[in-house]
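Down below is the structure, laid out as structure tokens.
Within every chain, numbering begins at 1; the chains are lettered A, B, ... in the order of the sequence lines, protein sequences first and strands thereafter.
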2 protein chains.
Amino acid sequence: MSLRIALLGLLTAYGSASGYDLTKAFEKSVAHVWQAGHSQIYPELAKMTADGLVTVEAEGARGRKIYAITPEGRAELRAWLVGHDPTGPARNEVALQAFLLPLLDPGEALAVLERLKAYVEHKLAELEALWAIKHSSPVPEGTTGVRFGNLALDLGIRQTRTTLAWANDAIAAIGRRA
Amino acid sequence: MSLRIALLGLLTAYGSASGYDLTKAFEKSVAHVWQAGHSQIYPELAKMTADGLVTVEAEGARGRKIYAITPEGRAELRAWLVGHDPTGPARNEVALQAFLLPLLDPGEALAVLERLKAYVEHKLAELEALWAIKHSSPVPEGTTGVRFGNLALDLGIRQTRTTLAWANDAIAAIGRRA
DNA sequence: ACTCTCATGTAAGGAGTTACATGATTGA
DNA sequence: TCAATCATGTAACTCCTTACATGAGAGT
């Protein structure tokens, strides 16, 4: 369901696009929020066409199909945003490792935490770079006051910083015992 | 893969258990970190038995099967903890809503954020209650210095608090424009 | 007797991943 | 001509969800 919503959102925000374009958009703009590869996107666009949420607006070179969102699609997107409770199932590999960490001896646990910290630092750097780019480039034509994707990026950066702080504290706490 | 790891972790931490017990453990102790229902757990235990990671230690009343982790299972768990990079795919419904929020007009966006805030507050209360219980009850026999699940609970609480702060700031930011 | 909790499973379907497969166009 | 990128799809498989199905034991 959420893939469908993400596609409708991208079509609304960036206008008509091909499956290929949308795949690229997933790799770049939405990557830190939702992921999907072309093998998932193409069939989903076909189903959405059948359901009347999008239409093939034009067909270009190399079999390129340009999809556009329909009024039904817009309604579906709005309904989800306004009505859907985002109670996604909790499935967090980092947290699972944290949960099970006491099963290791302190030395190994420390090593795992250090690796985890490095990963989180790397991710934070990526997100902050994205933020810097967004805030240095000219403002695109506005959809609403807040710029597209910025709220989510802010959330992502805050959560990543929180995870980093947690990792540091956990390292300190375990280090004291090792 | 991670379900398997979670099961091995629970069997290590709490000792031998039945599929039923493990299902309960998922509902309680690991719920904020990983989720799985009995219809996923029973077949997985069967596969793990076939793979030699667990064994049926005993069969009790009502067809109850008690599983125990094997040395191979322990090795598998340890290898995952030490060696697995927890780069789970980013799929976050809250962040997706945040991402798409600027597509709504400010009034509706505010309503969505308020609902989100309520949900996060509720979740935070749950986690803090869990924390309080853990820190008031007597210390169970130690596996390592840090108590089982506490690191993960700390992480969960911090992240939930961060999300709450973000929601408040986002509400303030959009409210200024509405 | 009845109901509740214990206890185990299967089946159908949706969502997601990885790998396979094909062909057009552009630019060096 | 050769490689890269554009562009679309399918197939097989794992993982997860929801619903169906069954029966034993414990307590009232």
Side-chain angles (χ1 to χ4, degrees), chain A residues 1-8 10 16-28 30-31 33-51 53-54 56-67 76 80 84-93 96, chain B residues 1-8 10-11 16-28 30-31 33-51 53-54 56-67 80 84-93 96:
Chain A
M1 203 72 265
S2 299
L3 170 60
R4 193 166 270 227
I5 297 302
L7 290 168
L8 291 172
L10 288 174
S16 308
S18 68
Y20 188 85
D21 296 334
L22 292 165
T23 303
K24 293 291 160 190
F26 266 90
E27 283 168 18
K28 290 182 295 136
V30 231
V33 157
W34 207 264
Q35 271 170 243
H38 79 275
S39 67
Q40 214 187 337
I41 291 169
Y42 288 125
E44 187 63 28
L45 284 169
K47 273 190 240 163
M48 290 165 76
T49 306
D51 294 346
L53 304 176
V54 297
V56 178
E57 202 185 40
E59 302 208 22
R62 271 171 287 192
R64 180 185 171 89
K65 289 180 198 161
I66 312 289
Y67 290 91
E76 177 99 351
W80 185 85
H84 177 76
D85 231 345
T87 318
R91 249 174 225 122
N92 185 336
E93 286 204 346
L96 181 57
Chain B
M1 203 73 265
S2 300
L3 169 60
R4 190 166 273 229
I5 296 303
L7 290 168
L8 291 172
L10 289 174
L11 283 174
S16 308
S18 68
Y20 188 84
D21 297 334
L22 291 165
T23 304
K24 293 289 159 192
F26 266 92
E27 282 167 18
K28 292 183 292 137
V30 231
V33 156
W34 207 265
Q35 271 171 244
H38 79 274
S39 68
Q40 215 187 334
I41 290 169
Y42 287 126
E44 187 64 27
L45 285 169
K47 272 190 242 163
M48 288 164 77
T49 306
D51 294 347
L53 304 176
V54 297
V56 178
E57 203 186 39
E59 302 208 20
R62 271 170 288 192
R64 181 184 170 90
K65 289 179 198 161
I66 313 290
Y67 290 92
W80 186 86
H84 177 77
D85 230 346
T87 317
R91 250 176 225 121
N92 185 334
E93 284 204 346
L96 182 57

Problem - Nearest-nucleotide comparison on DNA chain C, the residue closer to the 5′ end among Gly63(B) and Glu44(A) - result: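 The answer here is Gly63(B).
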Can you check the [X] [atom1] to [N] [atom2] distance for me, whole Å?
X	N	atom1	atom2	value
Gln35(B)	dT18(D)	CD	C1'	14 Å
Leu7(A)	dG16(C)	CG	C1'	14 Å
Gln40(A)	dA12(D)	CD	P	18 Å
Tyr20(B)	dC4(C)	OH	P	14 Å
Asp21(B)	dT5(C)	CG	P	17 Å
Lys24(A)	dC6(D)	NZ	C1'	9 Å
Glu59(B)	dA7(C)	CD	C1'	12 Å
Met1(A)	dG16(C)	CE	C1'	15 Å

Handout entry: Given DNA chain D, 5'-ward residue of the pair Pro43(A) and Arg64(A), judged by closest heavy atom
Key =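 The answer here is Arg64(A).
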Check whether any side-chain heavy atom of [X] lies under 4.5 Å from a side-chain heavy atom of [Y], and answer yes or no.
X	Y	answer
Leu22(B)	Leu45(B)	yes
His84(A)	Met1(A)	no
Val54(A)	Leu8(A)	yes

Handout entry: Distance (rounded to the nearest 0.5 Å) between Leu96(B) CG and Arg91(B) CZ
Key =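 Nearest 0.5 Å value for the CG-CZ distance: 11.0 Å.
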In terms of side-chain heavy atoms of [X], which of [options] is nearest?
X	options	answer
Arg91(A)	dC16(D), dT8(C), dG16(C)	dC16(D)
Ser18(A)	dT8(D), dT17(D), dT5(D)	dT8(D)
Tyr42(A)	dT5(C), dA7(D), dA19(C)	dA7(D)
Arg62(B)	dG16(C), dT5(C), dG9(D)	dT5(C)

Exercise for the section: Classify the ring geometry between Tyr42(A) and His38(A) as parallel (under 30°), tilted (30 to 60°) or perpendicular (over 60°). Expected result: perpendicular
Exercise for the section: Would you indicate what Ser39(B) reaches in the nucleic acid, counting non-hydrogen atoms under 4.0 angstrom: base, sugar-phosphate, or nothing? Expected result: base
